[in-house]
Amino acid sequence: MDLERLEGILGRFDGLPADLIPVLQEIQDSYNYLPKEELNIVAQRLNVPLSQIYSVATFFKMFSLLPKGKHVCRVCVGTTCHLKGGQRLAESVGHRLGVDIGYTTKDMNFTLETVGCLGSCAQAPVMMIDDTYFARVTVDKVPKIIKQYQK
Amino acid sequence: MPIIESVDHLTEYRRQVRARRDPNQLQVLVCGGPGCLPLGSEPLAEAFQAEMAAKGLEGKVLLKTTGCHGLCSHGVRVLIRPKEITYQKVTPEDVPEIVETTLINQGLVERLLYQDPHSQAPCPHKGDIPFYQSQNPLVLRKLDIIDPESLDDYLAFGGYRTLRKILFQMTPEQVIEAVEKSGLRGRGGGGFASGRKWRLCRNAPGDVKFVICNGDEGDPGAFMDRAIMEGDPHAVIEGMIVGAYAIGALRGYIYVRHEYPLAVKRLQKALEQVREFGFLGTKILRSNFSFDIKISQGAGAFVCGEETALIASIEGKIGEPMPRPPYPVQAGLFGLPTVINNVETLANVPEIINMGPEWFAAMGTDNSKGTKVFSLVGAVNNTGLVEVPMGTTLRQIIFDLGGGIIDNRDFKAVQTGGPSGGCIPSQFLDLPVDYDSLQQVGSIMGSGGMIVMDSHNCMVDVARYFISFLMEESCGKCTPCREGLKQLLAILGDITNGQGEESQLALMEELCRTMAAASLCGLGQSAANPVLSTLKYFREEYEKHIRDKKCPALVCRQLLTFTIDPNECTSCLACVRECPVGAISGPKKEPQVIDQEICIKCGLCRDACQFEAVVVE
């Protein structure tokens with residue numbers, strides 16, 4: 001376990017139970033998931049039972065107990081995107097990557113997720129890879145977009 | 001020591017900022033709002049910078065990336081001041097021509113101007129475009145002008161003027177009175193009177209109180225709060241300072257969705273600036289008032305937009321709502337009195353204090369004052385953010401501002417209020433929109449999402465979509481919501497798959513009544529609205545799915561048949577490559593055929609076909 005990295009995160013907080021979610025967010029951002037051993041230490045340091053950490057980690061969508069891929073592809077399925085084919089877009093991306101929605105490719109390069117709304121409704125259907133938005137993504141644009149992120 | 005030490009110092013600093021500015025300064029303002037950003041605002045701004053440097057215009061023309069310009073469907077938008085020339089659908093390739101023609105030779109690039117759809121006349125200036133003409137922007141008024149990362153910009157436009165007024169000329173009681181008199185109601189959905197909420201919290205016993213800004217904009221189809229937080233973050237912070245002074249809070253939180261990384265970044269930067277300037281901290285501007293704000297990021301849960309779930313989440317717990325009463329104004333964050341206001345509500349506050357409550361109350365209807373920002377999206381020609389006085393009719397919003405339905409199709413419904421709202425049919429197009437009128441027709445104002453639907457949208461599918469969204473997002477704590485949504489989804493699944501029975505419609509209505517009566521929080525109580533409103537106004541569509549096994553809008557996949565028209569097929573094989581189950585085949589260089597036994601009706605072939613050869617019935 002990389003104790004120094006974890007200490008670097010914990011050191012920025014007061015060690016209160018209310019710090020739990022921001023601490024988990026930083027671990028998720030830094031490790032790309034929530035490793036079990038690290039969570040044990042978080043439980044001790046914030047004085048929060050491990051069971052509560054498990055409930056928080058499985059309640060909120062941004063947390064993952066398994067490592068996510070190098071790139072996270074989020075296809076918007078908000079109302080406007082739904083009406084303009086967001087679900088089909090998600091399926092098309094999944095088909096191209098060979099992975100189901102919610103899963104990570106075997107080479108750990110992509111995790112495919114759907115999201116409630118990305119707030120760019122005027123450009124529906126929208127998807128996001130890491131921090132980059134893609135507007136009015138029709139199915140035929142998918143291969144070109146994915147290619148930019150393939151190893 | 002803070003940069004600004006007193007209110008007089010602030011006035012002097014503002015005077016200096018303004019004195020340095022030339023009102024005739026040539027400015028290029030590139031929209032970096034939620035609509036234009038995915039279309040390429042960043043590369044466009046870079047292209048302007050490079051081209052202006054190459055032409056020796058650096059230092060002569062000011063370049064800024066701003067918040068939302070409103071007309072997202074025609075992005076990326078560029079505004080050139082002081083003449084207020086607007087260009088639309090601008091790409092980096094257009095930049096050399098704009099620089100040469102407009103910046104250097106003061107001419108117009110005609111092909112980039114908005115064209116009036118009726119008269120075909122080009123609209124060179126912002127004020128010529130019908131979309132902007134009928135609006136009355138208060139909250140959005142600075143979004144296309146200021147650099148959201150510049151505190152000087154905000155100050156130049158009169159920002160933080162309320163500090164002198166509230167800290168040195170008004171008691172907290174007077175601030176509350178002003179907000180009460182203005183008639184401001186919560187813009188996040190509930191529509192509770194903001195002044196009354198502040199008063200209840202001020203009167204609640206206890207010395208430690210909190211103010212929370214709810215920026216967990218989860219309603220799909222609504223993005224006004226994102227646009228405000230990203231485009232004018234200081235307005236939200238200033239509103240929070242006023243609220244904190246009014247209720248006597250020492251600490252504030254801004255709760256933002258983690259799906260909005262730019263909003264988080266902009267707010268963080270704005271908070272650093274105001275701390276440095278001394279507008280936050282201890283004894284602000286030598287008054288006796290101390291206050292600071294922390295950002296709390298959501299972790300991806302729609303239910304956290306509900307205030308008690310939001311509080312639980314800040315406390316480090318899962319976002320499960322609590323029964324009310326006690327209300328947060330009595331026992332909120334850490335059990336202490338807490339006011340929770342929405343982003344747009346808070347952004348309205350500074351102007352109410354500056355201009356006076358009477359000014360604000362002069363706009364709107366009897367019980368809904370001021371303006372409302374709507375995100376107008378879906379099947380309209382002009383999509384984007386609009387801000388109109390309360391009481392503007394749906395027809396004005398959709399047809400005058402929105403420019404009507406795309407491809408001249410027929411209007412079918414407008415969905416307002418997010419998953420808690422309903423679908424409003426065409427007979428109510430002349431309804432003046434306010435909190436009460438929307439409720440009377442079975443929907444709600446919600447946070448202001450307006451999704452326009454036409455004949456290509458299936459209302460049963462829309463109901464199924466919202467129920468599926470809500471089932472996914474229900475926290476699972478109370479039975480009516482958790483189980484009710486599951487059963488509703490199962491029934492709607494049957495109907496859209498062609499296995500529905502007529503008796504199920506009555507069963508759904510019964511389930512809806514139970515959920516509305518017995519659910520713990522707003523999510524469950526209002527979850528039935530999408531079903532009830534579509535059942536009420538579009539019952540015949542449900543019946544067609546059940547009796548005829550047909551989806552008139554050609555949306556519900558299981559009721560469709562996909563075939564390839566041999567006369568249109570060019571044998572390009574795009575559909576063959578896209579089909580996930582290998583259902584399409586045929587001899588080389590000849591029309592392809594879909595095997596109905598294998599076809600899963602996903603529709604990807606239709607999307608992939610460039611020649612409209614895939615026929616759906």
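So you know, we letter chains A, B, ... as the sequences are listed, proteins then strands, and number each from 1. Fair warning: this is a prediction, and the values are worked out from it, not measured in the lab.
- Counted within 6.0 Å of OH on Tyr31(A), heavy atoms from surrounding residues, nucleotides or ligands total more than 12; the atom is thus considered enclosed.
- At a 4.5 Å heavy-atom cutoff, Glu42(B) makes no contact with chain A through either its backbone or its side chain.
- The 12-atom threshold is exceeded at CD of Gln148(A), counting heavy atoms of other residues, nucleotides or ligands nearer than 6.0 Å.
- Of the listed residues (Ser313(B), Pro261(B), Cys458(B), Gly75(B)), the greatest number of heavy-atom pairs within a distance under 4.5 Å of chain A belongs to Ser313(B).
- Neither the backbone nor the side chain of Ala227(B) comes within contact range of chain A, judged by heavy atoms closer than 4.5 Å.
- The residue among Met453(B), His456(B), Arg257(B) with the most heavy atom pairs within less than 4.5 Å of chain A is Arg257(B).
- The closest donor-acceptor contact from the side chain of Glu578(B) to the backbone of Cys609(B) lies at 3.5 Å or more, if one exists at all.
- At a threshold of 4.0 Å, the pair Glu259(B)-Arg74(A) does not count as salt-bridged, since none of the basic side-chain nitrogens sits closer than that to a carboxylate oxygen.
- Within the 4.5 angstrom heavy-atom criterion, no atom of Val380(B) approaches chain A.
- Between chain A and the residues Ala379(B), Gly40(B), Gly319(B), Gly418(B), the largest count of heavy-atom pairs under 4.5 Å involves Gly319(B).
- Between chain A and the residues Gly316(B), Cys36(B), Ser296(B), the largest count of heavy-atom pairs under 4.5 Å involves Gly316(B).
- Interface remark: Val115(A) contributes side-chain atoms only to the contact with chain B (heavy atom separation under 4.5 Å).
- What you find for Ala299(B) and Phe60(A) is that their closest heavy atoms are O-CB, 3.3 Å.
- With a threshold of 4.5 angstrom between heavy atoms, Cys579(B) approaches chain A through N, CA, C or O but not through any side-chain atom.
- The environment of OH in Tyr149(A) is crowded: more than 12 heavy-atom neighbours from other residues, nucleotides or ligands sit within 6.0 Å.
- If you measure heavy-atom distances from Pro22(A) to chain B, you find no contacts under 4.5 Å at all.
- Environment of CD in Glu472(B): sparse, with no more than 12 heavy atoms of neighbouring residues, nucleotides or ligands closer than 6.0 Å.
- For Ser92(A), the parts lying under 4.5 angstrom from a heavy atom of chain B are both the backbone and the side chain.
- For Leu37(B), the part sitting under 4.5 Å from any heavy atom of chain A is the side chain, from C-beta outward, and nothing else.
- Note: Val377(B) leads Val377(B), Asp225(B), Val303(B) in heavy-atom pairs under 4.5 Å with chain A.
- With a 4.5 Å cut-off on non-hydrogen atoms, Leu385(B) does not touch chain A at all.
- Heavy-atom distances place no part of Val126(A) under 4.5 Å from chain B, backbone and side chain included.
- Tyr260(B) and Glu217(B) share a donor-acceptor pair across their side chains, judged by distance under 3.5 Å alone.
- Within a 6.0 Å sphere centred on CG of Asn47(A), other residues, nucleotides and ligands contribute 12 heavy atoms or fewer.
- Ranked by heavy-atom pairs under 4.5 Å with chain B, the list Arg88(A), Gln87(A), Lys61(A), Arg136(A) is led by Arg88(A).
- Neither the backbone nor the side chain of Val555(B) comes within less than 4.5 Å of any heavy atom of chain A.
- Heavy atoms only, all atoms of each residue included: Ala122(A) and Thr383(B) are closest at CB-OG1, 3.4 Å.
- Residue with the most contacts toward chain B among Ile21(A), Leu20(A), Val77(A): Ile21(A) (heavy-atom pairs, distance under 4.5 Å).
- A distance of 8.5 Å separates CD of Gln28(A) from CG of Leu65(A), quoted to the nearest 0.5 Å.
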